[in-house]
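Worksheet: the structure to be examined is printed underneath.
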There are 2 protein chains.
Amino acid sequence: MEISNQDADFLKFYSDKEYEKPSVTIDAVIFRIVNKEADNYRRLPEKQLQVLLIKRQNLPFLNLYALPGTFLNLQNELSQTLKLCVNDKVGLKDYYFEQLFTFGEKSRDPRTRVLSVSYMLLTNGNDNINGEWFDIDIKDKITLSQEKKYGFLRKKQVNLILTNQNQNIKLQNLINVSFEKVNLEEKKVTEIQKTDLAFDHIKMIYYATERLKNKLEYTDIIFNLLPQNFSLTELKQSYEVILREKLLDANFRRKIAKMVSPTDNFLTGKGFRSSRLYEHNPLWTFSNLV
Amino acid sequence: MEISNQDADFLKFYSDKEYEKPSVTIDAVIFRIVNKEADNYRRLPEKQLQVLLIKRQNLPFLNLYALPGTFLNLQNELSQTLKLCVNDKVGLKDYYFEQLFTFGEKSRDPRTRVLSVSYMLLTNGNDNINGEWFDIDIKDKITLSQEKKYGFLRKKQVNLILTNQNQNIKLQNLINVSFEKVNLEEKKVTEIQKTDLAFDHIKMIYYATERLKNKLEYTDIIFNLLPQNFSLTELKQSYEVILREKLLDANFRRKIAKMVSPTDNFLTGKGFRSSRLYEHNPLWTFSNLV
DNA sequence: CAAATAGTGTCTGTAAGACATTATTCG
DNA sequence: CGAATAATGTCTTACAGACACTATTTG
């Protein structure tokens, strides 16, 4: 963008000091998928979606778990800030990321007015990183479902339990979601009822799980959570753990056939029939998304 | 969220004055759909998607057209700020809105570092409002399409022409989009090549048109752009103008049948067969979205 | 009646859902 | 061989795409 002469003159004397400004942070919701311990060596391990949390070393919320995040440095772009943060605080290098949502509620930070631009990150590595991985277990319960004249009101309570197996930590969180629609007016409210996390970070995690779930349907985003080579059962399990529902094998294979290519590798020595490994076919998007 | 005693002590002495903070604005991309002038009284008018722009009264970019927007007041929530802005600067009361994206590029505002949380708004009224409606005409041209080892690179140039018929103003804008995917790494870059608008507002408008287009498929968002009663042809035309493609009549009617209910009203006296008017059936979402 | 839009019917092909069946590997 | 998973086959139903056809209104 060019700057006019008039603008150049104006900018010489421009000062932003007279306005009160909010602080801005970025926060990262980092997901990975791992194998659960199988209860029997001849059984296939199940998959588990995990999120990375770091125990806070500072006030406020000292010693509570939180998402990795940092204040925005004015010299850096938003995505640069994200990268620096994830690199410095977590030590993670390879990941997919996208902007999730900007949270700006007045009450979300007790210090002062802080906006947070949140990001969703997906990784497939199990690099040795700083922070703890927590299993994500989500259960939702419809608490109210009402049809109204020309619309409806629906409320649900979402129970998010985050568990760290190593340290035997269990974080309990409750979110209330209400969705009301009357004619054209619709109002969706998401409120934290109870959280064991710092700030409103559980809300960010919830938003990210929903975003991930929705994007499974129309993108190939899931491959960012898988290793280069994977069996179709692993791929199916990964879908299931994100969608939180079981899929039928034959149908699943037909559906994702175009998105993957077979390799010559097999996963073998598992106590049952070995499976062919596949890789992602990145050309799939070509006709669909761009 | 409760605040611990330790946090309470900490907060007494907390000051955020030592950090440099960015300015934060909100910007509103407001869409509506109107009838184009028909060239013949016996023909059906076509639909046109429009966006609301306001001529800037201040430096920088004095006299250029821009989206309605305002600086965030720390006393207000983000959505409150949006509502106040749209009410004060535009005079619009009834609309659907959702957060679009947070733009934070260092160079996006010549004054200082300014983040903008952008919103997409949809209205069906033709209230007497402040600002000018501009027809949106988008043409994209693929400039490069390359298959690579395990991925592809694709570039397109998007030409956005915004036209105000009353004042005979034509704003020319070019955006370059490049999308590269190699294995798991994907990089999408959107750059303004030329714009007649202030700031990066044309980018916001482009993002919003894409968001709107995508959401047509899986939501009933379109009804926010239509009057209470509408003919199925009007509904189809509205889809077409957003999707930028023609639809087949019979198929369209089958597809949207569940989302609408017939009324007893007819649109008549038009020089051809009159059409039944329908209304949105907001219960449709029930089984799908919530 | 002509012109234009409104609205219906139908054929085809594709894909999802459900479920049955066969194949392979390991102990 | 038995247990478990891997992989394929098939029947049904739903729906999108294409296109032909009928109906209605107005000048």
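Throughout, a chain's letter reflects where its sequence line sits, starting with A, and its residues are numbered from 1. Hydrogens, waters and symmetry mates are skipped; everything else that's a heavy atom, side chains included, is used.
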Using a 4.0 Å heavy-atom cut-off across all strands, classify A:L44 as base, sugar-phosphate, or nothing.
sugar-phosphate
d(CD1, B:I256; P, C:dA6) in whole Å
13 Å
Considering only heavy atoms from C-beta outward, does the side chain of B:Y278 approach that of B:L235 to under 4.5 Å?
no
Whole-Å distance, B:N251 CG to C:dT12 C1', equals 12 Å
Looking only at side-chain atoms of A:R43, point me to the closest of D:dG9, C:dT10, D:dA4.
D:dA4
Select base, sugar-phosphate, or nothing to describe what A:S231 touches, counting heavy atoms under 4.0 Å on all strands.
nothing
Taking A:R244 first and then A:E210, would you say they form a salt bridge - that is, a charged N and a carboxylate O separated by under 4.0 Å?
yes
Roughly, in whole Å, what's the span from CG in A:D249 to P in D:dG9?
14 Å
Roughly how far, to the nearest 0.5 Å, is CG of A:L49 from CZ of A:F31?
5.5 Å
Classify the nucleic acid contact of A:R276 as base, sugar-phosphate or nothing, counting any heavy atom under 4.0 Å across all strands shown.
sugar-phosphate
Between C:dT10, D:dT8, C:dT8, which nucleotide has the shortest distance from any of its atoms to the side chain of B:R254?
C:dT10
Selection from C:dC26, C:dG17, D:dA4 that lies nearest to any side-chain heavy atom of A:T268:
C:dC26
In whole Å, I'd like the distance from the CZ atom of B:R253 to the C1' atom of D:dG17.
17 Å
Checking salt bridge (charged side-chain N to carboxylate O under 4.0 Å, His left out) against B:D140, which of B:K156, B:R154, B:K155 comes through?
B:K156
Starting at CG of A:L267 and ending at P of D:dA4, how long is that distance when rounded to a whole Å?
18 Å
Go nucleotide by nucleotide along DNA chain C from the 5' end; which of A:F272 and B:G271 gets its closest nucleotide reached first?
B:G271
Within the 4.0 Å heavy-atom criterion, would you say B:Y41 contacts the bases, only the backbone, or no part of the nucleic acid?
sugar-phosphate
Hey, is the side chain of A:R42 poking within less than 4.0 Å of OP1 or OP2 on D:dA3, counting only N and O atoms?
no
Any chance the side chains of A:R254 and A:N251 put a donor and an acceptor closer than 3.5 Å?
yes
In whole angstroms, the gap separating P of C:dG7 from CZ of B:R273 amounts to 6 Å
Distance below 4.0 Å between A:T233 side-chain N/O and D:dT5 OP1 or OP2
no
Rounding to an integer number of Å, can you tell me how far A:E234 CD sits from D:dT5 C1'?
13 Å
Once you round it to whole Å, what is the distance between P of C:dG7 and NZ of B:K270?
15 Å
